[in-house]
Amino acid sequence: MRVKKKLADALGDALDADVGPEDIEIPEEEEHGDFAFPVMGVAEGNPRQEAEEAVEPLEEREMVEKVEVAGPGYLNFFLDRERFAEVITELLEQESMGVVQRDGKLLLEFSSPNVAKPMHVGHFRNNAIGDALQRIFRFVGYDVTSENYLGDWGTQYGKLVYAFKEYGSEEEFEKEPMEHMFDLYVKFHEEAEEDEELEEKGREWAQRIEDGEEEAADLWERFREESIEYHMKDYGRMGIDFDRITGESTVVEGAEDLLEEGVEKGAIKEDPDGSLSIEFDELPDVVVKKADGTTLYLSRDLANLEKRKEKEGFDYNLYVVGSEQELHFRQVFQAGDRLGINTEGCEHISYGLLDLPEGGMSSREGRIIRLSDLLDRSVEKAEEKLKEEDKDLDVAEAVGIGAAKYANLKVSRNKKITFDWKKVLSFEGDSGPYLQYSNTRAKSILNKSDKEGDMVGELKDDEYRLLKELSRFPEVVENTAEQREPAKLANYLSHLSEEFNSFYHSCRVIGAENGEIERRRLKLVELFREVTDRGLKLLGIEPLDEM
Ligand code: ARG
């Protein structure tokens with residue numbers, strides 16, 4: 001059982017109150033003990049007095065060395081270090097590393113780029129957050145399915161088919177399909193500025209795709225396939241796997257059926273021009289089918305929601321999508337309720353955009369920083385840095401990409417990040433390379449020693465500080481999962497690495513004062529290695545053997 005839980009139970013008994021592990025605090029100042037509890041929150045009478053009375057029974061508890069009353073009614077706990085260390089070691093050495101396991105079928109959608117366009121830096125942030133979450137959700141025990149729901153339907157693909165027929169080149173498409181599609185996209189929008197009829201042409205071709213007309217459908221299919229192949233290279237470099245790749249095109253039919261039922265039920269309103277819409281009380285109304293009979297982005301999301309919740313039986317249906325779609329998802333979920341779909345466990349995991357210092361970006365004008373450029377730049381910078389430090393260049397890819405991921409993950413997902421190469425690629429302090437380096441430092445200590453680590457004897461202050469930080473790992477992972485916030489884990493690992501480095505500087509490990517101390521310190525180093533190996537993997541950052 002976890003330490004906080006044990007203390008909470010002991011407090012519950014001693015104070016005859018409801019105390020949960022989340023009520024236990026970790027004091028900032030060491031002289032206030034290892035853990036603290038404010039009796040003020042539960043006291044019926046004088047909290048200070050109730051605290052005094054609880055001291056004796058609490059001190060009889062296992063692992064509790066001493067209890068002090070402070071301030072208006074704080075109980076400060078000092079633990080039996082030796083026993084605490086034993087308990088934590090045992091916990092962290094379990095396969096779950098002490099993380100309380102959850103269950104439930106969880107669908108996590110992330111990335112979901114549009115086809116026929118390269119991913120840009122914004123997708124980098126999405127991918128980093130989404131992949132970290134899929135790893136973390138698996139580790140806390142959920143039965144996870146990750147889905148990449150491609151934007152592969154709508155008028156824009158009619159436009160592309162038109163542009164390909166009008167300005168395209170089979171040869172260029174074969175050579176570099178993504179470049180060519182992207183050029184055509186930009187070209188179409190340039191031409192459309194001059195010629196209003198082009199929009200109409202695009203719609204016509206979209207209709208042909210929708211009707212399954214051979215030429216249109218074949219081209220669309222090729223665009224889609226080539227896009228997936230192109231995106232796969234970016235995912236490969238980022239170390240990301242999806243359990244399934246779907247797309248808006250896979251739910252078009254479902255959307256039509258769903259809308260029909262909705263009309264029958266009276267949940268959807270037919271407008272005089274033949275379009276369909278849903279009216280809300282507090283949100284702007286939405287059109288779910290256009291007058292020409294085509295479905296919309298939102299209606300396809302509704303069909304997908306129904307599929308995941310009703311047909312596939314997911315308990316959780318989570319979407320990692322930028323904050324600019326917050327209203328969209330509120331409308332999707334409310335529309336789902338209206339249509340009688342069970343929307344429990346549906347959640348938009350929103351994140352702030354990753355911006356360029358020179359302002360927004362427009363793919364219409366071809367002005368985007370591609371995800372692959374970001375990866376290249378990061379790796380280049382990593383190479384430069386590794387050269388400077390006289391280190392092996394083999395790890396440059398892992399270090400560069402890890403650096404870019406960490407820079408994104410350490411910031412709470414709701415915050416906007418203004419893109420800044422210098423910060424992303426900083427190798428000092430709170431950074432990906434710093435974490436990777438601290439982790440390899442532990443490995444090299446362990447490699448140099450021929451002794452086995454063992455958690456024995458009373459921990460000295462510097463050792464105890466590291467152990468306490470290590471002991472927070474399971475709780476941090478749980479909170480990270482609960483709040484869908486990889487920044488929690490990222491910041492924790494950074495803090496832990498700092499603690500490890502100061503331990504390393506103040507405590508001699510190999511050749512310590514005596515054999516017992518040496519074995520105990522080796523064990524601490526081992527635990528640090530385990531926690532950071534696991535933690536980095538959970539963030540999608542590669543732990544290295546050496547650096
Ligand atoms: N393809 C969309 C875009 O690039 C994002 C899709 C988000 N997911 C969803 N289920 N609507 O903006």
Side-chain angles (χ1 to χ4, degrees), residues 107-131 133-134 144-161 163-164 173 177-182 184-185 202 205-206 209-210 212 216-238 240-256 294-308 311-312 314 317-322 324-325 328-329 332 348-349 351 363-364 368 370-372:
L107 187 126
L108 178 69
E109 183 203 305
F110 71 98
S111 200
S112 305
N114 292 337
V115 301
K117 262 194 274 179
M119 287 193 272
H120 54 71
V121 288
H123 292 110
F124 182 82
R125 186 155 195 212
N126 185 316
N127 294 348
I129 295 172
D131 187 44
L133 288 176
Q134 85 163 319
V144 177
T145 300
S146 57
E147 176 173 328
N148 190 354
Y149 174 71
L150 301 173
D152 60 359
W153 204 247
T155 343
Q156 56 220 16
Y157 303 106
K159 294 177 183 173
L160 190 61
V161 170
F164 184 77
F173 181 63
M178 185 57 90
E179 306 315 313
H180 195 49
M181 288 188 286
F182 194 43
L184 289 173
Y185 174 84
W205 279 98
I209 301 175
E210 185 137 10
D218 283 354
L219 275 172
W220 172 81
E221 180 80 42
R222 280 175 73 197
F223 296 155
R224 184 180 194 272
E225 290 303 313
E226 291 295 348
S227 303
I228 295 176
E229 206 176 310
Y230 181 92
H231 290 330
M232 277 316 193
K233 283 185 227 134
D234 289 339
Y235 294 129
R237 287 184 77 187
M238 287 188 76
I240 296 178
D241 285 316
F242 293 95
D243 294 314
R244 65 192 197 192
I245 296 182
T246 62
E248 294 180 39
S249 65
T250 63
V251 287
V252 174
E253 275 172 40
E256 278 157 4
T294 49
T295 59
L296 287 124
Y297 176 56
L298 185 133
S299 15
R300 295 190 285 274
D301 256 326
L302 278 172
N304 201 16
L305 172 65
E306 185 199 33
K307 170 174 161 251
R308 292 171 184 172
K311 302 194 176 120
E312 298 174 331
F314 283 101
N317 173 29
L318 312 179
Y319 303 81
V320 180
V321 180
E324 74 285 358
Q325 295 198 32
H328 169 77
F329 281 102
V332 170
H348 173 204
I349 302 180
Y351 61 89
S363 57
R364 296 221 163 158
I368 66 168
R370 294 187 187 198
L371 189 150
S372 56

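Just the heavy atoms: all of them, side chains too, but no hydrogens, waters or symmetry mates, feed the values below. A quick note: this is a predicted structure, and the numbers were derived from the prediction, not measured.
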- Message: Can you list everything that forms a side-chain hydrogen bond (donor to acceptor under 3.5 Å, both in side chains) with E179? Sequence neighbours excluded, please.
- Response: R370
- Message: Checking R222 now: which residues fulfil salt bridge (Lys or Arg N to Asp or Glu O under 4.0 Å) with it, not counting sequence neighbours?
- Response: E170
- Would you kindly say whether Y230 and E225 are connected by a side-chain donor-acceptor distance under 3.5 Å? no
- How many angstroms lie between CG in L371 and CE in M238, if you round to the nearest 0.5 Å? 6.0 Å
- Task: Mind checking salt bridge (Lys or Arg N to Asp or Glu O under 4.0 Å) for E253 and listing every partner two or more places apart, or none if nothing turns up?
- Result: none
- What do the steps show when you test Y351 against R125 for side-chain contact (heavy atoms from CB on, under 4.5 Å), and what is the final call? CA-CA 8 Å; Y351 61 89; R125 186 155 195 212; 4.2 Å; yes
- Query: Of all residues at least two apart in sequence or in a different chain, which pass the ring pair (Phe, Tyr, Trp, His ring centres under 6.0 Å) check with F164?
  - Reply: F173, F223
- With D243 via salt bridge (Lys or Arg N to Asp or Glu O under 4.0 Å) - residues at least two apart: R138
- Message: With heavy-atom distances below 4.5 Å as the criterion, would you say the side chains of M232 and E229 are in contact?
- Response: no
- Message: Can you list everything that forms a ring pair (Phe, Tyr, Trp, His ring centres under 6.0 Å) with Y319? Sequence neighbours excluded, please.
- Response: F329, F333
- Query: Where do A303 and G254 come nearest, in terms of heavy atoms and distance?
  - Reply: CB-C, 3.7 Å
- Flag the pair H231 / M178 as yes when at least one side-chain heavy-atom distance between them is below 4.5 Å, and no otherwise. yes
- Value rounded to 0.5 Å, distance of OH in Y297 from CG in L302: 11.5 Å
- Within-4.5 Å side-chain heavy-atom neighbours: K233 and S372: no
- Interatomic spacing from CG in L160 to NZ in K117 - rounded to 0.5 Å: 10.5 Å
- Does a side chain donor of either S111 or N127 reach within less than 3.5 Å of an acceptor in the other side chain? yes
- Message: Run the side-chain contact (heavy atoms from CB on, under 4.5 Å) test against L150 and tell me which residues pass, sequence neighbours left out.
- Response: P113, V115, N148, D152, R224, I228, I245
- Side chains of F110 and D131: closer than 4.5 Å at any heavy-atom pair? yes
- Give the ring-plane orientation class for Y185 versus F182, where under 30° counts as parallel, over 60° as perpendicular and anything between as tilted. parallel
- Query: Quick one: does V252's side chain get under 4.5 Å of E256's, heavy atoms only?
  - Reply: yes
- Item | Under the salt bridge (Lys or Arg N to Asp or Glu O under 4.0 Å) test, residues paired with D301 that sit two or more places apart | none
- Which pair of heavy atoms, one from S299 and one from A255, lies closest together, and at what distance? O-CB, 3.7 Å
- Task: Taking the six-membered ring for Trp and the single ring otherwise, decide whether the centroids of W220 and W205 are under 6.0 Å apart.
- Result: no
- Message: Please enumerate all residues that pass side-chain hydrogen bond (donor to acceptor under 3.5 Å, both in side chains) together with H348, with sequence neighbours excluded.
- Response: none
- Partners of A206 by side-chain contact (heavy atoms from CB on, under 4.5 Å), sequence neighbours excluded? T155
- Distance col, row I240:CD1 vs D234:CG, nearest 0.5 angstrom, shows 9.5 Å
- Considering residues at least two apart in sequence or located in another chain, which fulfil the side-chain contact (heavy atoms from CB on, under 4.5 Å) criterion with T246? E147, Y149, R244, T250, K307
- Query: Less than 4.5 Å apart, any side-chain heavy atom of F314 and any of T145?
  - Reply: yes
- Is any side-chain heavy atom of L318 less than 4.5 Å from a side-chain heavy atom of L107? no
- Any chance you could measure I129, atom CD1, to I349, atom CD1, to the nearest 0.5 Å? 9.0 Å
- Task: State, yes or no, whether a side-chain contact exists between W153 and I209 at a heavy-atom distance under 4.5 Å.
- Result: yes
- Non-neighbouring partners of E248 that pass side-chain hydrogen bond (donor to acceptor under 3.5 Å, both in side chains), sequence neighbours left out: R300
